[in-house]
Protein chains: 2
Amino acid sequence: MFEVFRKYLDSRISLTDEQFDRITSVATLKKLRKKQYLLQQGDVWRFNAFIQKGCVRVYTVDDKGLEHVLSFAQENWWTGDRESLLTGNPAKFNVDAIEDSEIVLIAKPDFDLICKEIPVFNDMVHDIIQRSFVASQNRIHASISYTAEEKYLDFVKKYPDFAVRIPQHMIASYLGVTAETLSRVRKVSAKK
Amino acid sequence: MFEVFRKYLDSRISLTDEQFDRITSVATLKKLRKKQYLLQQGDVWRFNAFIQKGCVRVYTVDDKGLEHVLSFAQENWWTGDRESLLTGNPAKFNVDAIEDSEIVLIAKPDFDLICKEIPVFNDMVHDIIQRSFVASQNRIHASISYTAEEKYLDFVKKYPDFAVRIPQHMIASYLGVTAETLSRVRKVSAKK
DNA sequence: ATTCTTTCTTGACATTTATCAATTTCTTTC
DNA sequence: GAAAGAAATTGATAAATGTCAAGAAAGAAT
């Protein structure tokens with residue numbers, strides 16, 4: 001049931017079977033069909049979510065009905081709305097499945113307890129957050145510095161697996177350009 | 001010498017005098033004149049830096065000589081290049097003083113030791129990183145969703161003190177637009 | 001296999017933002 | 001307080017990107 005999660009944890013930290021069982025004792029497995037929501041704008045997000053299988057997106061919908069993708073996540077990534085989790089305020093973001101997915105959920109109070117009980121787990125979590133922060137700094141830098149074409153090439157280079165797996169219009173939205181612009185950009189850079 | 005730093009720490013966690021002395025025993029105070037570098041692109045960044053006084057910017061310079069501002073920081077904020085600090089790779093960013101500034105520096109190995117020795121300090125650090133991550137997520141969202149005008153209004157609302165303290169062309173660069181565009185945007189929104 | 005839906009592409013045109021150059025305003029320094 | 005330097009504004013024009021609409025291609029469902 002939690003094989004992928006176990007493999008992930010073993011690849012980063014060493015846990016005894018007891019510790020792993022302790023973790024899974026508070027974990028639940030959620031299966032999502034394509035297009036199903038994991039979280040909807042306005043609800044409070046209370047979990048740490050680890051993706052065992054599939055692919056999700058985090059996004060908002062604005063007044064005009066346009067979607068803006070904040071992030072993608074696939075196998076062995078964590079997802080959710082950190083701000084809502086941290087503050088307890090209603091989420092600004094939706095999370096839904098791009099493909100049928102399997103998500104490990106651990107409610108915040110349980111998660112926090114585990115962090116206290118298992119220091120290496122805690123260290124791992126902090127390391128992940130720190131790296132996420134660095135990654136988002138780099139994304140900001142790309143966003144304010146690059147042209148549409150540069151943004152796309154940078155994205156493909158950084159996340160080649162996303163580039164083939166995720167519909168282009170969602171990638172466009174992630175990059176902050178329209179689907180039409182991305183289509184044209186791809187056409188131009190294909191020739192080079 | 002470290003009064004501002006002490007006040008800052010006292011406002012977030014409780015430390016004994018001994019613990020505070022332990023921290024400052026490995027801290028140095030760096031004074032920067034306006035325009036002086038704290039870090040230059042290409043050098044490795046090895047510190048945690050707390051601003052006691054003044055204001056700095058973190059930015060890159062691209063091939064065309066254009067500057068792109070990743071972040072500002074002022075009194076009671078931390079700054080530096082987290083990626084370089086984390087990985088030991090040369091920094092992508094410059095950091096320099098927008099005004100004469102006073103910065104508390106703690107080298108990474110010392111800082112990590114202190115985190116181990118003083119759990120509440122460690123917790124504080126993680127909390128800061130987590131909040132920084134959330135803030136940068138929000139900035140990404142603004143960057144991909146908003147028009148130039150919306151970006152500026154959002155910035156002013158979030159950081160009213162920066163808006164009055166920092167030259168407009170740097171704010172423009174932070175928002176990912178040209179100085180001319182920001183000037184026009186301000187003119188238009190002033191009328192409303 | 002056919003239909004239905006979603007995604008992607010293309011064209012024509014509109015809008016936003018960038019670029020370049022000139023001028024004005026504001027700061028800093030001596 | 002005059003001179004120099006930096007920052008901000010403005011105008012004219014160019015380039016990039018967005019919008020709208022239509023059709024083609026690809027994928028999913030029956």
Side-chain angles (χ1 to χ4, degrees), chain A residues 32-36 54-55 57 59 62-69 72 96-101 142-156 162-192, chain B residues 32-36 54-55 57 59 61-69 72 96-101 142-156 162-191:
Chain A
L32 286 184
R33 307 296 302 277
K34 186 172 171 173
K35 298 200 179 178
Q36 216 182 321
C55 189
R57 73 215 245 249
Y59 66 101
D62 69 20
D63 332 320
K64 290 174 198 149
L66 295 174
E67 297 178 348
H68 304 282
V69 176
F72 300 114
D96 71 12
I98 297 176
E99 305 170 5
D100 293 354
S101 301
S143 180
I144 63 175
S145 311
Y146 293 172
T147 62
E149 180 175 11
E150 289 167 337
K151 283 176 199 176
Y152 177 67
L153 294 176
D154 180 58
F155 177 80
V156 172
F162 282 152
V164 298
R165 181 174 202 178
I166 293 172
Q168 265 180 52
H169 69 274
M170 292 186 190
I171 295 175
S173 167
Y174 175 95
L175 299 175
V177 301
T178 60
E180 293 93 332
T181 294
L182 181 58
S183 173
R184 287 174 180 122
V185 153
R186 279 164 47 87
K187 195 173 160 191
V188 170
S189 37
K191 285 186 190 161
K192 296 183 183 169
Chain B
L32 286 184
R33 308 295 303 277
K34 186 171 170 174
K35 300 201 178 175
Q36 217 183 317
C55 189
R57 72 213 246 250
Y59 66 102
V61 181
D62 68 20
D63 331 319
K64 290 174 198 149
L66 295 174
E67 297 178 347
H68 304 282
V69 176
F72 301 114
D96 71 11
I98 298 177
E99 304 170 5
D100 294 354
S101 302
S143 181
I144 63 174
S145 311
Y146 293 172
T147 62
E149 181 176 11
E150 288 167 337
K151 283 176 197 174
Y152 177 67
L153 295 176
D154 179 59
F155 177 80
V156 172
F162 282 152
V164 297
R165 181 174 202 178
I166 292 172
Q168 267 180 51
H169 68 275
M170 291 185 191
I171 296 176
S173 167
Y174 174 95
L175 299 176
V177 301
T178 60
E180 292 94 331
T181 293
L182 181 58
S183 173
R184 290 177 178 120
V185 153
R186 280 164 47 87
K187 195 173 160 189
V188 170
S189 34
K191 285 188 191 162

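Because only heavy atoms are used, hydrogens play no part in the values below, and waters and symmetry mates are left out as well, while side chains stay in. Small disclaimer: the values here were computed from a predicted structure and weren't measured. Convention: sequence-line order gives letters A, B, ...; per-chain numbering from 1.
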Grab the two heavy atoms, one from S101(B) and one from G54(B), that are nearest each other, plus how far apart they are.
OG-CA, 3.4 Å

Do Y152(A) and L175(A) touch side chain to side chain, with heavy atoms closer than 4.5 Å?
yes

Closest-nucleotide mapping onto DNA chain D: is S183(B) or K35(B) further toward the 5' terminus? I mean the 5' end.
K35(B)

Grab the two heavy atoms, one from S145(A) and one from E150(A), that are nearest each other, plus how far apart they are.
O-OE1, 4.2 Å

Could you state the interatomic distance from NZ (K151(B)) to OG1 (T181(B)), rounded to the nearest 0.5 Å?
10.5 Å

Over all atoms of both residues, closest heavy-atom pair of I144(A) and Y174(B)
CG2-O, 3.6 Å

Could you state the atom-to-atom distance from CZ of R186(B) to P of dT10(D) in whole Å?
11 Å

Terminal contacting nucleotides, 5' and 3', DNA chain C versus chain A (heavy atom, 4.0 Å)
dT6(C) to dA12(C)

For L66(A) and dG18(D), give me the distance from atom CG to atom P, rounded to whole Å.
11 Å

Which nucleotide in the set dT10(D), dA21(D), dT17(D) lies at the smallest distance from any side-chain heavy atom of E180(A)?
dA21(D)

Within residues 166-177 of chain A, those residues having any heavy atom closer than 4.0 Å to DNA chain D are G176(A), V177(A)

Within the structure provided, determine whether R57(A) and F72(A) are in side-chain contact (heavy-atom separation under 4.5 Å).
yes

Rounded to the Å, how far apart are E67(B) CD and dA6(D) C1'?
13 Å

Would you tell me if any nitrogen or oxygen in the side chain of K187(B) comes within less than 4.0 Å of OP1 or OP2 on dT10(D)?
yes

Atom pair distance, as rounded to whole Å: CG in L182(A) and C1' in dA16(D):
15 Å

Would you indicate what K34(B) reaches in the nucleic acid, counting non-hydrogen atoms under 4.0 angstrom: base, sugar-phosphate, or nothing?
sugar-phosphate

Quick one: closest heavy-atom pair of D62(A) and K64(A), and the distance?
OD1-N, 2.8 Å

Do E149(A) and L153(A) come close enough that some side-chain heavy atom pair is under 4.5 Å?
yes

Euclidean distance, atom OH of residue Y152(B) to atom P of dA8(D) [Å, nearest integer]
10 Å

Closest heavy-atom pair and its distance - A148(A), V185(A):
CB-CG2, 4.0 Å

Within the structure, does a side-chain N or O atom of T178(A) lie under 4.0 Å from either OP1 or OP2 of dG18(D)?
yes

Heavy-atom pair with the smallest gap, counting every atom of L182(B) and A172(B)
CD2-N, 3.7 Å

To the nearest 10°, let me know how far the axis at one end of the helix from dA1(C)-dT30(D) to dC30(C)-dG1(D) is tilted from the axis at the other, five pairs an end.
60°

Is it true that D100(A) and R33(A) have a side-chain N and a carboxylate O under 4.0 angstrom from each other?
yes

